[in-house]
Every structure is written in C-alpha cells, then in structure tokens.
Amino acid sequence: MLACVLIALASCHKSDYIQVIPEEASIVISANLANMAEEGDLQNSSLMQTVNKYMGLITAGEAKELLQDYMKNPAKLGIDFTRPVFIFKAGDFIGITLCVADDDNVEEFVKTLTSQGLCNNATESGKTHLTFLLDEIVLAYNSHALLLMTNPNGGNPVQTGQIAMGLMEQEKDYSFAQTETYSQMEKRSDCDVVMFSNGMALSESTKETLSPFIPDGVRLQDIEIVSSIAFQKGKAVFSADINGKSNTAQKLLEESNKNFHKIEGRYIDSPMEGFAIWACAGVKGEWLLQQLKQDPQSLQLLIGMERAIDIDAILRTIDGDVAVTIPHDFSGTQALSAADFMLMANVQNTDFLKDVDYWQKSMKDYGISMTQTKENNYILKANDYTLNWGVDDDNIYFASAKMFAANGISKRSQLLTPLEDEIKKAQFFLYLDLETIFGNSHTGTPLFDNMLSQLKSMTVVSKNTNNIEMTMALKDSNLNFLKAILK
C-alpha cells in the first residue's frame with residue numbers, strides 16, 4: 001500500500017500539471033475535491049443520489065455499471081484527486097487540468113468513453129494523447145496532466161486542440177505556475193476552493209458591487225482578486241484580497257482607507273427583534289454622499305429629499321458609525337416590508353437644525369409638510385409616504401413610519417451582542433438573519449429546501465479596503481457545512 005502511495009505521489013510533481021495553465025489566464029480556480037468529498041460525505045449525500053438517478057436515465061447496461069464503478073472508485077480514473085483540480089479561463093478558452101497518477105488508467109477510461117460513442121479515437125503526438133469529447137471538448141493527457149479545454153463561444157475544435165497540445169508541452173517558466181499570483185493562491189492551500197480573477201474578468205454584477213470601493217484613478221484592469229472558500233464545522237468562510245497590479249494602483253487602494261475607520265459599536269444594540277438585515281460602517285459623510293450620487297436610484301432619492309430638507313448638508317456632518325436596519329416582512333396591522341428601514345448615524349455637528357424653519361416653508365411649494373413631534377424630532381409627509389427623522393445629541397435617525405412605530409414597541413435583538421468584538425474590528429459589517437429571512441420557504445427542490453433549512457446567518461466583514469470576508473453559519477455548529485447542506 002505504501003509503495004502505491006509513493007508511486008502516485010511521484011507520478012505528479014507538485015506543479016507539473018499546473019504548468020499547462022497559460023501565464024495570461026484571467027481566471028484560475030483550484031478545488032480540493034477529495035477533501036470536500038470526504039468532509040461532505042459525498043457518496044452518501046442527496047446530491048450523489050440525484051446524480052445516480054440522472055445517470056441511470058442516460059446510460060444502461062454495461063456502460064451504466066462502468067460509470068457507477070468509476071463514481072465509487074475515482075482512483076480507477078488514473079487521476080490523483082488528492083491534488084487540487086484547476087479550472088482556468090484564458091481569452092475565449094475555458095480549461096480544466098487534473099494531476100495524472102496513472103496514465104494507463106486514464107487511457108482505459110478514454111477507451112471506455114470511446115466505446116460508448118462519447119469520444120473519437122485518440123491521436124498521439126510525442127508523449128501526449130488527444131481526443132475530442134462530444135466532438136466539442138478537447139481531452140488531452142500525458143503522464144503528468146489531463147487537460148479538458150473548450151471555447152464556449154464556438155470556434156474550431158481542431159484549433160482548440162492545437163492550442164491544448166501547445167499548453168501540454170509548455171514549460172513552467174512560461175506558465176501561470178511561476179507567477180506571484182499563483183504563490184498567493186498557494187498561501188491559501190489549506191482552503192477547499194481558491195480563486196484568482198483580474199478585474200476585467202469579473203461578472204458585471206460583481207463589478208457593479210465593487211465599483212464604490214475602487215478609488216478614483218484605479219481601473220478594474222489595474223486590480224486582481226485572490227479569494228478562497230473554506231468549508232468548516234458549522235460554517236463556510238469566503239475571504240478575498242483585492243490588490244493593485246502596479247505600485248500606483250496598490251497605493252491608491254491603501255489610501256482609500258482614509259474614507260473609513262473602525263466601527264465604534266454605538267448601534268449594536270439598536271436592531272429590534274425579528275430584524276432581517278443590519279449593516280454598519282465607520283465612514284466619512286463626504287465620501288458617502290459622493291458614492292450615493294454615483295448610484296442612479298440613490299441620486300433620485302437624494303433629489304427627492306432635497307425638496308424637503310438639505311440632505312447634502314446633513315450627510316456631510318457624518319463622521320462615525322452609520323447603521324441601517326431592515327425588518328423581516330410580517331403580517332399584522334403594522335405590516336413591515338423590505339421598503340421599511342431605520343438609519344442611524346453619528347454626526348459631528350447639528351448646525352443644519354438652524355435651517356429647519358426655512359425647510360418647512362420652502363417644502364410647501366412641492367406639496368410636502370413637516371411636523372415637529374418633540375425637540376429636534378419631525379414627521380415628514382409627501383404624498384402617501386411618511387418619514388420620521390430627528391436628532392438626539394450627536395445621533396441622527398431616519399425611519400419609515402411603520403418601522404418607527406414597530407421599533408418603539410419592540411424588544412431589542414441580542415443576535416449582534418456575541419459579535420461585538422468582531423464588529424468593532426471592522427470598517428464595514430453586514431449581518432443577515434437567514435433563519436428569519438427564509439423561515440419555512442420552499443423552492444420545490446428538495447436539495448435547495450434542505451440547504452435553506454440548515455442556514456442560520458450570513459455576515460460580511462471588511463477590516464480594510466483590501467479585504468472582505470463572508471461567513472455563512474449553520475444552525476447546528478457541530479456539523480461540517482458541506483455535509484449539512486448536501487445530506
């Protein structure tokens with residue numbers, strides 16, 4: 001047994017199969033499948049039951065038995081699954097590279113696929129074999145690597161095969177394996193999934209999410225992101241580092257920290273019981289105002305509020321904690337919705353209060369009214385919408401009418417109390433009560449329903465503009481995350 005292990009390890013040098021990844025790859029993902037399969041008890045999971053079910057629909061007889069055998073004994077594929085599987089994107093091409101432990105076993109597997117009409121007969125060039133899977137996907141292998149590659153935009157499979165053969169013969173000095181980025185990924189090798197992406201390769205939704213945090217002068221093509229996912233007992237942790245590709249870009253990213261500071265924690269006990277979302281940031285108002293004006297929806301809201309109050313002047317006084325609470329929908333006479341909210345912020349001065357009388361007079365031209373309820377507290381009414389706002393010492397609040405009323409009679413939530421130390425170390429903190437949000441939700445798909453039923457919360461934490469961490473927590477803190485959601 002020991003001899004077999006040594007042979008398998010010796011057959012694939014640490015980076016031999018990684019050097020097929022081109023140096024200019026824009027996305028690289030490594031996944032420790034063996035570790036995830038073991039921790040998630042994949043063989044006994046509902047996911048594997050689903051896979052076997054559909055495999056039975058598309059195969060039969062000897063082919064079905066062979067595929068089931070490979071599923072139960074993946075070592076027969078000739079692949080060393082103790083080494084991570086790498087997925088990459090370079091130009092229009094997407095590839096997957098795996099470490100080969102036994103190329104004879106790989107060859108037998110390819111012959112099995114060929115006998116089922118899934119592959120054509122392999123050709124050989126030097127020490128590398130090449131065939132086409134389903135006529136579109138290149139499958140190339142030798143004694144150290146197996147490469148699957150395709151062009152999702154179409155293209156000529158033969159041309160893709162020629163490029164794949166070139167990558168199979170590529171030297172390490174010209175590959176992704178010799179880059180500083182790969183070294184950064186290696187530092188996260190204890191995680192289950194590790195990812196690299198340059199800024200331009202990000203999805204449009206991710207670009208939009210990140211854009212407020214990218215300082216002026218830094219373009220998306222100037223940054224790269226190295227991130228990871230670790231499936232642990234009771235939780236899954238996603239962590240990402242955002243770095244500049246040049247000294248100038250990195251310096252600008254680091255300087256953008258001046259717009260933030262550590263959260264003081266003054267609003268940790270503010271959310272009422274049953275809240276769904278709580279977000280807090282230590283931020284300077286001038287920067288916040290500029291970011292809001294860059295978002296079309298926020299800009300329209302600011303323009304609307306300017307008809308009533310000088311919201312620009314108010315926001316500029318913020319220099320401290322800003323916290324937003326959004327409730328979970330519930331039925332009743334004071335039914336709340338996701339449109340209801342409460343915002344609380346620390347202000348450095350309240351000079352804007354001297355203009356309240358002027359605001360009350362000028363807003364009448366727009367059909368808006370504002371009534372004082374007590375000192376420095378007001379109700380603002382415009383058409384069918386009512387907004388409560390006011391100042392208490394160095395704190396200002398804005399709240400929808402329903403949220404204001406419900407908040408006044410509700411108990412304070414204790415969900416954030418155990419997280420106080422973590423919150424105070426962050427510049428930005430987001431908490432989603434998934435147990436409250438999803439409740440008894442049903443998607444109609446057992447696998448997804450099971451996932452939702454297992455989740456307790458999600459937190460997003462940023463300690464500086466170069467790093468962000470997201471944690472998905474389970475209701476049962478003793479279960480491995482993967483095993484819980486796949487069972």
Side-chain angles (χ1 to χ4, degrees), residues 4-37 70 73-91 93-110 113 119 122-133 137-150 160-197 226 228:
C4 293
V5 173
L6 292 175
I7 291 172
L9 293 176
S11 67
C12 185
H13 187 269
K14 186 175 183 181
S15 63
D16 277 355
Y17 77 111
I18 304 170
Q19 69 189 48
V20 305
I21 304 174
E23 183 178 12
E24 67 275 13
S26 57
I27 297 175
V28 178
I29 302 171
S30 72
N32 192 333
L33 298 185
N35 188 57
M36 288 190 286
Y70 281 126
N73 304 285
K76 289 186 177 182
L77 292 169
I79 302 300
D80 181 3
F81 285 106
T82 65
R83 299 290 298 139
V85 173
F86 280 81
I87 305 167
F88 65 88
K89 183 178 188 300
F93 300 98
I94 293 176
I96 302 175
T97 179
L98 304 96
C99 180
V100 170
D102 188 329
D103 53 336
D104 288 336
N105 280 359
V106 174
E107 185 172 358
E108 285 301 314
F109 176 62
V110 172
L113 294 176
C119 282
T123 58
E124 188 174 349
S125 175
K127 297 181 180 180
T128 300
H129 301 261
L130 182 140
T131 184
F132 294 89
L133 181 63
I137 302 172
V138 173
L139 191 163
Y141 67 94
N142 55 28
S143 61
H144 63 268
L146 183 149
L147 173 64
L148 295 165
M149 200 163 91
T150 188
T160 303
Q162 293 171 345
I163 295 172
M165 291 296 284
L167 293 176
M168 294 293 287
E169 298 171 2
Q170 179 173 251
E171 295 182 6
K172 179 179 178 181
D173 289 346
Y174 302 98
S175 74
F176 183 77
Q178 58 80 36
T179 64
E180 175 59 30
T181 303
Y182 174 65
S183 298
Q184 292 181 35
M185 292 181 68
E186 280 282 271
K187 293 176 181 178
R188 295 172 177 257
S189 60
D190 58 335
C191 296
D192 295 293
V193 180
V194 183
M195 298 158 284
F196 152 76
S197 173
V226 176
S228 59

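Side-chain atoms are counted along with the backbone in the values below, which use heavy atoms only and exclude waters and symmetry mates. One is the number of the first residue; the rest follow in order along the sequence.
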Taking the six-membered ring for Trp, are the ring centroids of H129 and Y141 within less than 6.0 Å of each other? yes
Atom OG of S228 and atom CD of Q184: how far apart are they, to the nearest 0.5 Å? 12.0 Å
By side chain to side chain donor-acceptor pair (under 3.5 Å), T181 pairs with (sequence neighbours left out) E224
For a ring-ring contact (aromatic ring centres under 6.0 Å, His included) check, start with the C-alpha distance between F88 and F196, then their side-chain angles and the critical distance, and finish with the verdict. CA-CA 9 Å; F88 65 88; F196 152 76; over 10 Å; no
Would you call F81 and L98 a side-chain contact if the rule is heavy atoms closer than 4.5 Å? yes
With K76 via salt bridge (charged side-chain N to carboxylate O under 4.0 Å, His left out) - residues at least two apart: D69
CD-CD distance between E180 and E186, expressed to the nearest 0.5 angstrom: 11.5 Å
Taking side chain as C-beta onward, heavy atoms only, is V194 less than 4.5 Å from S30? yes
Taking the side chain as every heavy atom from C-beta outward, state whether V226 and M195 have any atom pair closer than 4.5 Å. no
Working to the nearest 0.5 angstrom, can you tell me the gap between I21 CD1 and L147 CG? 9.0 Å
Is any side-chain heavy atom of T131 closer than 4.5 Å to a side-chain heavy atom of T123? no
Nearest 0.5 Å, what's the CE-OG1 distance between M168 and T97? 7.0 Å
The single option from D80, I18, D16 passing side-chain contact (heavy atoms from CB on, under 4.5 Å) against C99: D80
Side-chain contact, heavy-atom cut-off 4.5 Å: T150 with T160? no
Parallel, tilted or perpendicular for F86 and Y17, by the 30°/60° rule? perpendicular
Nearest 0.5 Å please: distance from the CD1 atom of I29 over to the CE atom of M185. 8.0 Å
4.5 Å side-chain heavy-atom contact, F132 and L139: no
Contacts of D103 meeting side chain to side chain contact (heavy atoms under 4.5 Å, CB included) (sequence neighbours excluded), chain-then-number -> V100, S143
Is the closest side-chain heavy-atom distance between P22 and L167 below 4.5 Å? yes
Which residue is it: I87, I96, I94? I am looking for the one with a side-chain contact (heavy atoms from CB on, under 4.5 Å) to L148. I96
Evaluate the side-chain proximity of E107 to N105: yes if any heavy-atom separation is below 4.5 Å, no if none is. no
If only atom types and distance count, is the side chain of Q19 paired as donor or acceptor with the main-chain N or O of Q170 below 3.5 Å? yes
